[in-house]
Amino acid sequence: MNVANPADREPTAEPAFRAEGLRKVYQTGETEVHALRGVDLEIPAGEMLVLLGPSGSGKSTLLNLLGGLDRPTSGRLFYRDLELTGLDEKGMTRFRRSEIGFIFQFYNLMPSLTAEENVRLVTDIAAHPMDAVEALALVGLADRRDHYPAQLSGGEQQRVAVARAIAKQPGVLLCDEPTGALDSTTGIRVLETLATANRELGATVVVITHNVGIAAMADRVFHFLDGNIARTEVHEHPISPLEISW
Amino acid sequence: MTALDLKLVRDLWRMRGQALAIALVLAAATATFVLSMGVHRSLTETRDAYYERNAFADVFAEMTRAPRAVLPQIAAIAGVKRVEGTIRQFATLDFPDRVEPVRALINSVDEHGRTRLNRIKLRQGRLPQAGAADEVVVDEVFAKANGLDIGDRVDALIYGRKQSLRIVGTGLAPNYIYAMAPGDLIPDDRRFGILWMGEKALEAATDRTEAINALSLTLERGAAQAEVIRKVDSLLDRYGGTGAYGREDQLSNTFLDNELMQLEALTRVIPPIFLLVSTFLVYIVLGRMIRTERTQIGLVKAFGYSDWAIGWHYLKFALAIAVLATILGSFAGTWMGQGMTRLYAQYYRFPFLYYEIAPSVFLGAAGLSIGAAALGALGGVREAVRLNPAVAMSPPPPPVYRTGLVERLGAWGGFTATGNMIARHIARWPWRSAVTVLGVALSMGLLFATMQFVDSSKVMLDSYFYRAQRQDLTVTFIEPRNEDVLFELSQLRGVLRAEPIRAVPVKIGRGNRTERSAIESAPAGATLTARIDADGREIELPPAGLMMSRQLADKLGARAGDRVLVEMLGGRRTTIYLPVAAVIDEFIGERVYASEATMDRIARDAAPAGSALLRIDSSQRRRILSELKAMPEVLGVTERSAAMGKFEDMIDENINTMLAFYISFASAIAVGVVYNSARILFSERVHELATLRVLGYYRSEVGVVLLGELAVLVLAAVPVGCVIGNWLARLMTAMFSSDLFRLPFAPSPASYGYSALVVLGAASLTALLVARRVLELDMVRVLKARE
Ligand SMILES: Nc1ncnc2c1ncn2[C@@H]1O[C@H](COP(=O)(O)OP(=O)(O)OP(=O)(O)O)[C@@H](O)[C@H]1O
Ligand SMILES: [Mg+2]
C-alpha cells in the first residue's frame, strides 16, 4: 500500500497546529457575534482530537480556521512552520489542496460523479495521492466505485466523502459532525475509517461531535464553551470505535 | 399590496439582471416590429395621402406624338374617369462651371392651373404663367442639390434648341417620388432632375402644337384596368404608342413598392426570431425559479392559496418582463424609425413624411411580447399549479445521473473529474442546453444573414458594374440614331472604342400572361458589355431566339425551348413568335437579349441605337465630356464611375446603419441567453463550486468548471449558427428580391468569421461577468446548508 510512514510525520515534540489569541467576530448588521474569544491552543501532530461543546460555542468556527476556509479577526495560527494567518487567498487554497481533508455532516458529493470520480476530484489535483480505488477500498466501498451518490445510502455517501478526504494522503483530516446524520452502526463504520487514517496515514484528525461517547476514542478532547476552550482532557488509552457506546 | 405581490416585486428585483436580459431580447423584438411595421405604415400612409391629394394617375402611356384630339376619345373609354395629355421632353442643362452633363425631364403643366392629374405640390414660388415661355418650376431636390433658387436662370438645350430658363418655383409631384434618368441605376440628384414648363411654351419648344407625347388617366372605381389599357393601346397605336401601363409598372411607384415590400419582409423575418428566443428564455428562467421555490410553493398552498393564485403569481413575473420589454422596445423602435424615415426622405421625394406610429402598432407589439412571454411561462406555471403541497415540502429528489452515452464518452476521452461534471451537467439538462445553443446560434445567424447582405450587394455590384459593364461613358441620344453618330463618336479624340446599344420596347406574351420589357442587343464582337450570370459566367448572345432573365421567364412561366409572342411597341409594331433560346440568372432587372440578326427580324430594318457605350482615355475625360455636351444629338451622359460611387455610398450608408442595429440586436440575444444560462448554472452549482473550493481547487479552476459548460455550449452554437445563418440569409435574399433586382446568396468567409467573433465576444464578456461571482463564493456558508 502506498502509505506514508507515520513516523515521518510524528516528531512528537512538534505540534501540527499552534494558535495564539485566535478571535473571530462576525459582524451581522449592528450586532457583533464573538464566535472565538482569544483561543490559544496546540494540537500535537498525529493525534486524534475531538471537539465537544454546546451549540454555538465556536467549534465549527475553529475548524474552518484550521482548514484555511476562513480567517480569524485577530490572533495568529500556524500549521507546523507555516503561518496560516499570513497567507493570501491563493496560499490558503494551496494549503487546503496539499494538507487538508474535509468531511462534513452533509457529504457534499458531486451528484453528477460516481463514487470513484468523486474521489478522483481530489486525486486529479493532489501532489502525492493514492489511487482512487485504493481509497475506496480503505472505506470498504471498492465494489461501489461506479455508483452515483443517488444510488448510495447516507452512510455509504459519507464513506465516499471520507475516501475523498484521505485519498490525497492529507496531513490533517477535519471532520465537522461526520456522523451527525448517521445511525450508530453506520456512524461507527465511518469513525473506524477515520481511526484507520489516523493510525495508518499518520494524519492528525480533528472531529467535532455532539456525541460524548465518541470522545472516548480521542487522544485529546477540547471542551468548548462560549468561544473558548474551557477544558482539555487527555486520554492515555483511547478506545477503539467498536467499543463506543453510542 | 398582497404578500404574494410583494414577493413578486422582490423576486423581480432580486432577479433583475436576468429579467432585464430577457426584457432586452424581447425589447429587440418589439423594437424591430415597431420599427418596420411603423415605418411601413407611415410610408404607406404618406404615399397614399400624397397620391390622393395630388391625384396620382392610374394608367400611363407614352407615344411619339398624338394630337390632343385623341384625349376625348380616350375619355370616352368605359371606366376612364379623367384623362390628361402632357408633353414629356428630355433636355440637357448647361451649368457653365460643370463638365459633367446634367439631364432634365421637362413636363408640361397647364398655365392656368387646370392640371388635375399628377399635380405639382409647390414648395416655393408659383407655377409658370401663360405667355412667359421661359418660366419653369424645378424639382425641389434637384434645386437643392444644385443650389438653384427662385429667380435663377439655367441654360437648357431643348429639342436641339438652346433656351434660357427662369426658375419661378420649386415643387414635387407624386409621379416622381423616385426619379431616375434612363439608363441609370440609382438616382443622382445633381445630374438628373424634373422640370415643369408651361404647356404652350413646351409645345412651342418641341414643335408639338396641340400635340402630346404622354398621357395619364384615372379609372372609375371598379373599372377593369387591363381592358382600359387594351383600348388605350389600340387608340394610340397609330401615334407610336409604346403601350399603356398601370401603376405597377410606373417607375417611381415600382421603386416605392419595392421598398415597402422589403420593409414588410423585415417585419416577417426578424421579430419572430427574437420572440422565439424570449420564449425560450422565459421558459428556462421561470422553470428554474419554480424548481428552487418548490418548498415555498408547497407552503403557500398549504396555507390555503389556490393553485390558480400560484400560477397567476408566476405568470405575472413573465408578464412584468413583457411589459417592460414593450415599453423599452416601443421607445427604441420609435426612435430608430425616425432615423429610418429620415433616410427615406433622402431617397424619396415626399413633400411631407408622416411619421406617426399608429397605436395599433404598439398594441400589436405589446400583444406579441406578452404572448411570447406567456407561452414561455406556460410550462413553469403548469408545474406550479400541479404541485401537490405535501410533495412540494419534502426535499426534491436528487438529480438522477445514470451511466449513459456521455459517461462513456468521458471515460473514453479520458476526461478529468471536472470534465465529467461539465459533460454530464449538459446532458442532464438537454433542453436548457439546447436553448442556450439555439439562442446563441440564432444570434449568430441573424448577424450572419445581415452581413451576407453586404456581401450580396457587393457581388451584385461587382457583377453589374465591373464585369457586365466595361464602358466609361454611356451616351444617350435624343432620338435613336444610326451608325453615323457612332462613327462620329468614335472619331472624338480620346475615345478608344464606341459601341451601339440597341433596345426595342416590347410586350412579351405566353399563354394569357404578358409582360412589358425591352429587347437589348449588342453587335457581334462587342466588348463593352457582357452578360454575366449569377455564377459569374459570361454568357454569349444566342444566335437565334431570345435570352431572357430568370425573373421574366418565371413571370411568363416560360422555359428554354418555349415560344413566346413578341410584340414590338412603337416603331413597326411587329408581332412575331420567337423561341426562348436560353434563360439567364441575372441580378438586375427583367431583361431580354437577342443577337443583332434576331433584332433585325423583329425591327425589320436595322433598329437604331438609343445609346452608345464609350471607352475613353481617362486623361481626356473633361474634354470628351464637354464635346459630348456640345453635340446636339446627345441627350445625356452617364459616367460609370460616378454611378458606382453613388451606389456604393448608398449601400454603405444604409448598410452601416443596418449593421449597427443588427450587431446590437444580435448581441442582445447572445447576452440575454448567455447571461441567463450562466446565472442559472451558477445558482444550480453554487454548492458544487464551493465544495470544489473547499477541496483545494483554485478560483480559476472553479471558474473553468462554470465557464467550461458555457464554452462548450457557445462553441457548439457556432456551427449551428452557420447553418441557421445560411438558411436565414437565403430566406432574406429571397424575400428581398423583386422585379428590380435579385440578390445573390454569396456570403464571404469573413462574414462567417466576423459573426462568430461578435457573438463569441458578447458571450465571453457576459460569461465573465457572471464568473466574477466565483470570487465571492462563501465556502463556509454554503457548506452549512444542505443543497
Ligand atoms: N457567518 C456567520 N455570521 C454570523 N454569525 C456566525 C456565522 N457563523 C457562525 N456564527 C456565529 O458564531 C457562533 C459560533 O458558531 P459555530 O458555527 O462555530 O458554532 P458551533 O460550535 O459549531 O455550533 P454547532 O454545534 O451548533 O454547530 C454562533 O453564535 C454562530 O451564530
Ligand atoms: Mg458547528
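All chains are named by letter (A, B, ...) in the order of the sequence lines, taking the proteins before the strands, and each is independently numbered beginning at 1.
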Is chain A contacted by the side chain of B/Arg693, its backbone, both, or neither, given a heavy-atom distance below 4.5 Å? both

Is chain A contacted by the side chain of B/Met421, its backbone, both, or neither, given a heavy-atom distance below 4.5 Å? both

If you measure from [atom1] on [X] to [atom2] on [Y], what distance do you get to the nearest 0.5 Å?
X: B/Tyr698; Y: A/Met92; atom1: OH; atom2: CE; result: 12.5 Å
X: B/Thr691; Y: A/Phe104; atom1: OG1; atom2: CZ; result: 7.5 Å
X: B/Thr416; Y: A/Leu121; atom1: OG1; atom2: CG; result: 8.5 Å
X: B/Leu689; Y: A/Met110; atom1: CG; atom2: CE; result: 7.5 Å
X: B/Tyr697; Y: A/Arg96; atom1: OH; atom2: CZ; result: 12.5 Å
X: A/Arg120; Y: B/Asn420; atom1: CZ; atom2: CG; result: 6.5 Å

State whether the number of non-hydrogen atoms from other residues, nucleotides or ligands found under 6.0 Å of B/Arg382 atom CZ is greater than 12. no

Verify the neighbour count for atom CZ of A/Phe17: are there more than 12 heavy atoms of other residues, nucleotides or ligands below 6.0 Å? yes

Do any N or O atoms from the side chain of A/Asp124 and from the backbone of B/Ala417 form a donor-acceptor pair under 3.5 angstrom? yes

If we ignore hydrogens and angles and just use 3.5 Å, is the side chain of B/Arg424 paired with the main-chain N or O of A/Ser112 as donor and acceptor? yes

When only pairs under 4.5 Å are counted, which of [options] shares the most heavy-atom pairs with chain B?
options: A/Leu69, A/Ile100, A/Val122; answer: A/Leu69
options: A/Lys90, A/Arg97, A/Gln105; answer: A/Arg97
options: A/Leu109, A/Thr93, A/Thr61; answer: A/Thr93

Heavy-atom distance under 4.5 Å to chain B: side chain of A/Arg94, backbone, both or neither? both

Residue by residue, which of residues 50-58 of chain A have a heavy atom closer than 4.5 Å to a heavy atom belonging to chain B? none

Taking the side chain as everything from C-beta on, heavy atoms only, tell me whether B/Glu688 gets closer than 4.5 Å to A/Pro111. yes

Of all the residues in residues 430-438 of chain B, which have a heavy atom that comes within less than 4.5 Å of a heavy atom in chain A? none

